[in-house]
Novice: 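Once you've had a glance at the structure underneath, I'll fire off some questions.
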Amino acid sequence: MIGSFSDTVALILIIPVVAAGLLAALPSYRVTAGLNVAASFLTLVAALSLFVTNRPEPGPYLVVDDLNIVFIVLNTFVGFTTSIFSASYISHELETGRLTKTNLRFYHAMYQIMMFGMNLAFVSNNIGLMWVAVELATLSTVVMVGIYRTHEALEAAWKYFILGSVGIAFALFGTILVYMAAQPIVGEGTAAMVWTVLIDHAARFDPALLNVAFIFLLLGYGTKVGLAPLHAWLPDAHAEGPTPISAVLSGLLLNVALYAVLRFKMLLAASPDAVAPGPLMITMGLTSLVFAAFMLYRRRDIKRLFAYSSIEHMGIIVFAFGMGGPLANFAGLLHMVMHSLTKSAIFFAVGHIAQVKGTQKIKEISGLTQTHPGLGWALVIGVVAIAGLPPMGIFMSEFLVVSSTFARQPLLAIPLVFGILLAFGALLLRLTNVAFGEPQGRTGAVEASYFPLYAHLALVMVAGVYLPAPLVSWFQHVAQILG
Amino acid sequence: MKGLTFDIAHLLAGGLVLISFMMLYQDRLFALINVFALHALVLALSVGWQAYIQNAHHLYVTAAIALLFKAIVIPIGLHRIILRLGIHRDIETAVGIGPTMLAGIGLVTLSMVLMLRVTATADALAREDLAFALSIILLGLLVMVTRRNAVSQVVGFMSLENGLVLAATGAKGMPLVVEISVAFSILIAFIVVGVFLFRIRERFDSVDVRALDDHRGERR
């Protein structure tokens with residue numbers, strides 16, 4: 001065995017913190033961009049080493065189990081690839097003068113603090129600590145969304161901050177209620193906030209209190225997931241911030257909040273008299289899916305278009321987890337991973353496209369496959385994947401969601417399929433002109449970093465054709481845990 | 001437990017709800033901030049009293065933070081910001097005072113009915129605290145949605161956080177980590193908001209959030 005458990009987990013948290021300090025202190029942006037990539041890579045290595053190290057008993061604050069390893073590895077991987085994309089993205093922003101060098105020091109430090117917050121949320125075994133971590137990750141993204149200081153960016157950051165704060169307040173109230181439910185059974189003090197202790201005793205908690213707690217937690221963390229009708233911050237924050245932040249928002253931060261909801265869902269499922277969390281999640285998921293699918297048709301801004309697509313996919317994922325059971329959970333988990341990879345790849349492509357065209361308006365971008373084949377075709381592949389066409393990974397996970405729904409609740413499959421088809425139509429409608437229309441606008445060369453873009457797309461494509469057996473059995477196991 | 005100690009705790013928590021109501025009908029920014037300072041003061045007393053009856057010394061820290069930071073530092077800071085921005089005029093409330101008060105009464109009723117019903121097995125003091133806390137949270141939310149001015153939205157948010165602190169202290173033996181985090185989040189929130197306010201001022205000569213709504217979420 002390579003090292004002890006606590007060392008590895010500590011590394012996942014320490015590397016981003018140390019990096020954040022260094023990045024804030026160093027003046028040269030070339031060095032800091034490289035350091036950002038290096039730190040993200042080291043965090044990824046530390047996360048991967050969790051697979052091979054021993055896992056001792058969970059402590060009062062940190063835990064690593066089969067469920068959160070999936071999230072941590074995905075998080076650090078996308079964090080790493082986004083840092084590569086970010087390095088090429090920001091050098092262009094610096095040239096055009098949209099960002100200054102001081103801004104960049106701040107930006108890089110915040111990037112690592114955000115990674116720290118997200119990793120901490122995943123490994124925390126304490127529901128109070130988890131709340132603090134989600135809050136930290138949110139605040140660091142708020143300031144990054146507002147970094148351009150334009151009228152629109154400030155509005156987006158303000159909206160995000162206010163809605164996010166209200167959401168996080170509800171989540172804290174829910175957390176306090178969970179503690180109140182646990183306290184008579186587990187006893188006062190830290191033990192009543194430790195998730196592994198809570199799940200063991202959940203069957204004896206007061207079900208009424210747990211029900212109310214879950215509603216607050218679902219509303220609170222659901223705001224962060226971007227579920228309709230609490231999604232209003234999401235499109236603005238995606239469209240107005242730097243594109244690397246849009247990529248991590250869609251690909252990672254939404255997952256963090258989803259993970260929190262899942263943990264509490266497991267708690268509720270372990271209490272036999274509490275209300276079933278499924279129907280609530282199914283309702284919110286379907287609402288988000290259908291609502292976002294309609295909204296996709298009226299988008300004029302390309303980043304906003306894909307932000308609504310994120311709402312749509314989070315709706316599908318929450319729906320799948322709401323259905324529950326081994327198959328639907330498996331599908332939800334796979335869909336989450338595929339969506340993170342695909343959506344961040346799309347934002348990588350869109351970021352470079354918006355830079356080279358100097359606009360985010362869909363009308364002013366067309367004929368990309370002719371003028372910029374590298375980016376244009378990547379966008380085509382990404383949109384085909386996100387729309388759910390075979391042979392991509394999302395097709396497979398959506399197929400699994402739909403088929404498990406047909407098997408158990410055929411009536412629910414109607415709005416589900418309706419929403420998916422609606423979104424499919426909207427995305428292809430927008431794509432045709434952007435990718436294949438008459439070329440217009442600037443056609444200058446682009447200094448894009450293709451590696452993260454094509455690495456993600458390749459993974460998604462491979463996953464659509466072939467999933468390695470160990471991965472499948474791991475996911476099946478996690479789906480079992482999720483119940 | 002019963003008797004005077006309970007009555008005082010009840011009085012202070014109930015006082016907080018009352019002061020939340022007072023916030024609803026303030027139509028001047030300075031008055032709103034003064035009421036918020038009073039809110040924070042009563043919170044500090046309430047938390048201090050809880051610390052005394054629960055014999056939980058760490059709660060005195062929370063009480064001190066509420067007193068120093070929220071009842072003194074923040075109101076003074078906000079006064080300065082308002083003077084510097086020159087917006088010490090009337091608040092434009094988005095909804096009239098009458099409907100707002102009615103909505104507030106409805107929200108308090110809702111939280112009483114909900115929380116007292118689901119916490120039937122908890123001890124009396126915690127029950128009352130949770131019910132009052134939810135009322136304060138919802139009233140804080142109401143302040144936020146009925147105001148257009150960015151400063152008063154922030155005040156609404158802080159009163160909402162006061163409700164959370166009340167709930168956290170009412171839950172007996174809740175670990176310190178949460179109290180610190182609440183205080184800390186308020187600190188961060190204040191800094192962030194302060195930065196934003198100055199930037200908004202810089203750009204638009206107004207802290208009226210309506211000025212931000214021109215853009216309506218879509219570029220043309």
Side-chain angles (χ1 to χ4, degrees), chain A residues 60-61 126-129 131-132 135-136 139 142-143 146 149-152 154-159 161-162 165-166 168-170 172-173 175-177 179-181 183-184 187-193 206-213 216 232 235-236 239-240 298-301 304 359-361, chain B residues 56 114-115 117-123 126-127 130 133-134 137 140-141 144-145 150 153-154 156-157 160-161 163-164 167-168 170-182 184-185 188-189 191-193 195-197 199-200 202-204 209 211-220:
Chain A
Y61 295 105
N126 185 304
I127 55 175
L129 186 64
W131 180 83
V132 173
E135 170 86 63
L136 184 67
L139 284 177
V142 167
V143 290
R149 297 201 198 181
T150 58
H151 186 151
E152 293 86 357
L154 285 176
E155 183 196 349
W158 177 259
K159 225 187 222 181
F161 173 71
I162 290 291
S165 302
V166 171
I168 212 81
F170 277 160
L172 180 60
F173 194 70
T175 307
I176 294 170
L177 289 181
Y179 171 81
M180 288 288 292
Q183 181 226 15
E188 289 176 17
T190 316
M193 299 200 91
D206 181 5
L209 203 52
L210 218 49
N211 289 345
V212 178
F216 277 101
D236 289 39
E240 307 306 341
R298 294 193 51 207
R299 294 310 99 195
R300 288 181 286 248
D301 180 305
R304 224 170 259 278
T359 177
Q360 288 176 202
K361 289 177 196 159
Chain B
L114 179 71
M115 293 316 297
R117 187 167 295 170
V118 299
T119 54
T121 54
D123 74 71
R127 281 182 76 188
L130 273 183
L134 184 59
I137 292 172
L141 209 58
M144 287 175 79
V145 298
Q153 284 189 345
V154 173
F157 179 66
L160 187 156
E161 294 246 41
L164 287 172
K172 218 172 164 202
M174 185 129 164
L176 184 64
V177 60
V178 174
E179 280 102 25
I180 289 182
S181 69
V182 170
F184 203 65
S185 73
I188 300 172
I191 295 168
V192 172
V193 169
V195 170
F196 275 108
L197 290 181
R199 285 187 192 166
I200 290 172
E202 235 169 60
R203 296 273 161 184
F204 316 111
V209 181
L212 291 177
D213 285 340
D214 297 343
H215 161 54
R216 290 224 173 257
E218 193 81 7
R219 286 180 192 194
R220 263 169 279 271

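Every chain is numbered from 1 and lettered A, B, ... according to where its sequence line falls, protein lines coming before strand lines.
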Novice: Heavy-atom distance under 4.5 Å to chain A: side chain of B:L114, backbone, both or neither?
Specialist: side chain
Novice: Is A:A169 close to chain B through its backbone or its side chain, or both, or neither, when contacts mean heavy atoms under 4.5 Å?
Specialist: both
Novice: So for B:L141, is it side chain, backbone, both, or neither that comes closer than 4.5 Å to the heavy atoms of chain A?
Specialist: side chain
Novice: Could you pull out the closest heavy-atom pair between A:F216 and B:L134, with the gap in Å?
Specialist: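 So the two residues come closest at CZ-CD1, 3.4 Å.
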Novice: Is B:R117 close to A:V212 at the side-chain level, that is, under 4.5 Å between some pair of heavy atoms?
Specialist: no
Novice: Considering only heavy atoms, which portion of A:L177 lies under 4.5 Å from any heavy atom of chain B: side chain, backbone, both, or neither?
Specialist: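 Side chain of A:L177 only, per the 4.5 Å heavy-atom cut-off to chain B.
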Novice: Set out, in order, the CA-CA distance, both residues' side-chain angles and the distance that settles side chain to side chain contact (heavy atoms under 4.5 Å, CB included) for B:L160 and A:F173, then state yes or no.
Specialist: CA-CA 11 Å; B:L160 187 156; A:F173 194 70; over 6 Å; no
Novice: Please list, chain by chain and in numerical order, all residues satisfying ring-ring contact (aromatic ring centres under 6.0 Å, His included) with A:Y179, sequence neighbours excluded.
Specialist: none
Novice: Write down the atom of A:I176, the atom of B:L164, and the distance for their closest heavy-atom approach.
Specialist: CD1-O, 3.7 Å
Novice: Which residues satisfy the side chain to side chain contact (heavy atoms under 4.5 Å, CB included) test with A:A208, sequence neighbours excluded?
Specialist: A:D206, B:V118
Novice: To the nearest 0.5 Å, what is the distance between CE on A:M180 and OG1 on B:T119?
Specialist: 6.5 Å
